[in-house]
Amino acid sequence: NNSQGVEVYDILAYGIGGDFVKIGSSSNVRIHNNKLLDSGRQGVSVISGSDILIENNDFGKPGYYVLDVEPNNDTESATDIIFRNNTALGFGPETGVGHGFVACGSGEAYLNIGNITVTGNTLTGSSNATLDSYFNQNQHRRLYNITFTNNKASQIRVGPVLEFKSIDGLTVKDNTQPLSSGSLYSITNSTGVISSPNTTN
């Protein structure tokens, strides 16, 4: 909290009741090359902050989301976040809103959420190893510049798996998610959308 220039790396963690890393009011944060076996809540929660790089981590199986970008009041912002080349077994114990790969903009309010990139991540487990993600679930304001590319999941899922709402500047392409039925994504009230191709079989 309230920090600049923080690096978190080479940690083996397990048995955590809450989040592995929680970021508030901080900038220039790098989280890399950690191994998390399990946690009761998120792998990483960004409540507010900017210039955050999360890469090359093994997140095991967090209880809620692997990544949660969740400002909770109208003075908090989360911008310029890169989440890339991470792995996870999945998330648990359920699917649906409240559990998943990424949640972004699902808090009670926010000032700005934008310039978020989620790319090159892989979920490899046999339980809840899907790309289930929710962007702007509560739609307090509009998100901007959201990129979701080259992410892969191993478990078959009924679509839609990705939900995007009220976003200006959205790229969704080159993701791999097996589907038994339905579509990979649902996009509503968004502009500047680039959304193909993705692999669903």
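Here the shortest heavy-atom pairing between Ala78 and Val69 reads CB-CG1, 3.5 Å. Counting all heavy atoms, side chain and backbone alike, Ser45 lies closest to Asp19 at OG-OD2, 3.2 Å. The heavy-atom pair separating Phe59 from Gly43 by the smallest distance is CD2-CA, 3.9 Å. When all heavy atoms of Gln155 and Gln177 are compared, the closest pair comes out as O-NE2, 2.8 Å. A pairwise comparison of heavy atoms in Asp68 and Ser106 identifies OD1-OG, 4.1 Å as the closest pair. Residues Ala153 and Pro178 come closest through the heavy atom pair O-CD, 3.3 Å.
Side-chain contact between His99 and Asn128 is absent, with no heavy atoms from C-beta onward closer than 4.5 Å. In this structure, Leu123 and Leu131 have side chains that are in contact, with non-hydrogen atoms separated by less than 4.5 Å. No side-chain heavy atom of Asn1 sits less than 4.5 Å from a side-chain heavy atom of Ser25. Contact check for Pro62 versus Ser39: side-chain heavy atoms found under the 4.5 Å cut-off. A 4.5 Å side-chain heavy-atom check between Val193 and Phe164 finds every atom pair outside the cut-off. In this structure, Ile52 and Phe83 have side chains that are not in contact, with every pair of non-hydrogen atoms separated by 4.5 Å or more. Using a 4.5 Å heavy-atom threshold, the side chains of Glu76 and Tyr110 count as separate.
Using the six-membered ring where Trp is involved, Phe135 and Phe148 have ring planes that are perpendicular, over 60° apart on the 30 and 60° scheme. The aromatic rings of Tyr9 and His32 lie parallel to each other, with less than 30° between the two planes, well short of the 60° mark.
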Are Leu179 and Val161 close enough, and set up right, to give a side chain to side chain contact (heavy atoms under 4.5 Å, CB included), and what steps lead you there? CA-CA 9 Å; Leu179 296 176; Val161 177; 3.6 Å; yes

Output, in order, the C-alpha distance, side-chain angles, deciding distance and verdict of side chain to side chain contact (heavy atoms under 4.5 Å, CB included) for Leu12 and Leu37. CA-CA 8 Å; Leu12 171 63; Leu37 300 184; 4.2 Å; yes

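Screening Asp10, Thr87, Asp58 against Lys35 for a side-chain hydrogen bond (donor to acceptor under 3.5 Å, both in side chains) leaves a single residue, Asp58. Remark: of the listed residues Asn86, Asn57, Asn85, Asn86 is the sole one forming a side-chain hydrogen bond (donor to acceptor under 3.5 Å, both in side chains) with Asn121.
Applying the 6.0 Å contact sphere to CD of Glu7 captures more than 12 heavy atoms from other residues, nucleotides or ligands.
A distance-only check finds no donor-acceptor pair linking the side chain of Asp74 to the backbone of Leu111 [under 3.5 Å]. Between the Asn34 side chain and the Val8 main chain, a donor and an acceptor come within less than 3.5 Å of each other. Side chain of Ser190 to backbone of Ile167: a donor-acceptor contact under 3.5 angstrom is found. At distances below 3.5 Å, at least one donor-acceptor pair connects side-chain atoms of Asn175 with backbone N or O atoms of Asn151. In terms of modelled atom types and a separation under 3.5 Å, the side chain of Asp38 and the main chain of Gly15 share a donor-acceptor contact. The main-chain N or O of Asn112 is found under 3.5 Å from a side-chain atom of Ser77 such that the two form a donor-acceptor pair. A side-chain donor-acceptor contact under 3.5 Å links Ser154 to the backbone of Gly125. In this structure, the side chain of Tyr144 does not engage the main chain of Gly169 through any donor-acceptor pair within 3.5 Å. Between the side chain of His140 and the backbone N or O of Gly107 there is at least one donor-acceptor pair closer than 3.5 Å. Looking at Arg142, its side chain does come within 3.5 Å of a backbone N or O of Asn189 through a donor-acceptor pair.
With hydrophobic clusters built from ILVMFWY side chains whose heavy atoms lie under 4.5 angstrom apart, Val6 shares a cluster with Val44. One hydrophobic cluster, built from ILVMFWY side chains closer than 4.5 Å, cannot hold both Val21 and Ile47; they sit in different ones. Hydrophobic clustering of Ile, Leu, Val, Met, Phe, Trp and Tyr side chains at less than 4.5 Å, counting indirect connections, keeps Leu67 apart from Leu53. In terms of hydrophobic clustering, with Ile, Leu, Val, Met, Phe, Trp and Tyr side chains grouped at heavy-atom distances under 4.5 Å, Leu36 and Leu89 are assigned to different clusters. Hydrophobic clustering of Ile, Leu, Val, Met, Phe, Trp and Tyr side chains at less than 4.5 Å, counting indirect connections, keeps Ile11 apart from Tyr14.
Interatomic distance, CD1 of Ile54 versus CD1 of Ile31, reported as 4.5 Å (0.5 Å rounding). If you take OG1 on Thr149 and CG on Asp174, they are separated by 7.0 Å, rounding to the nearest 0.5 Å. Here the NZ atom belonging to Lys165 is positioned 14.0 Å from the CG atom belonging to Leu170, to the nearest 0.5 angstrom. Taking OG of Ser196 as the reference point, atom OH of Tyr185 lies at 6.0 Å (rounded to 0.5 Å). Atoms OG and CG, from Ser48 and Asn72 in turn, are 9.5 Å apart once rounded to the nearest 0.5 Å. Put simply, CD1 on Ile81 and CD1 on Ile23 are 7.5 Å apart, with the number rounded to the nearest 0.5 Å.
A donor-acceptor contact closer than 3.5 angstrom is absent between the side chains of Thr79 and Ser50. With hydrogens and angles left out, the side-chain atoms of Thr191 and Asp168 include a donor and acceptor closer than 3.5 Å.
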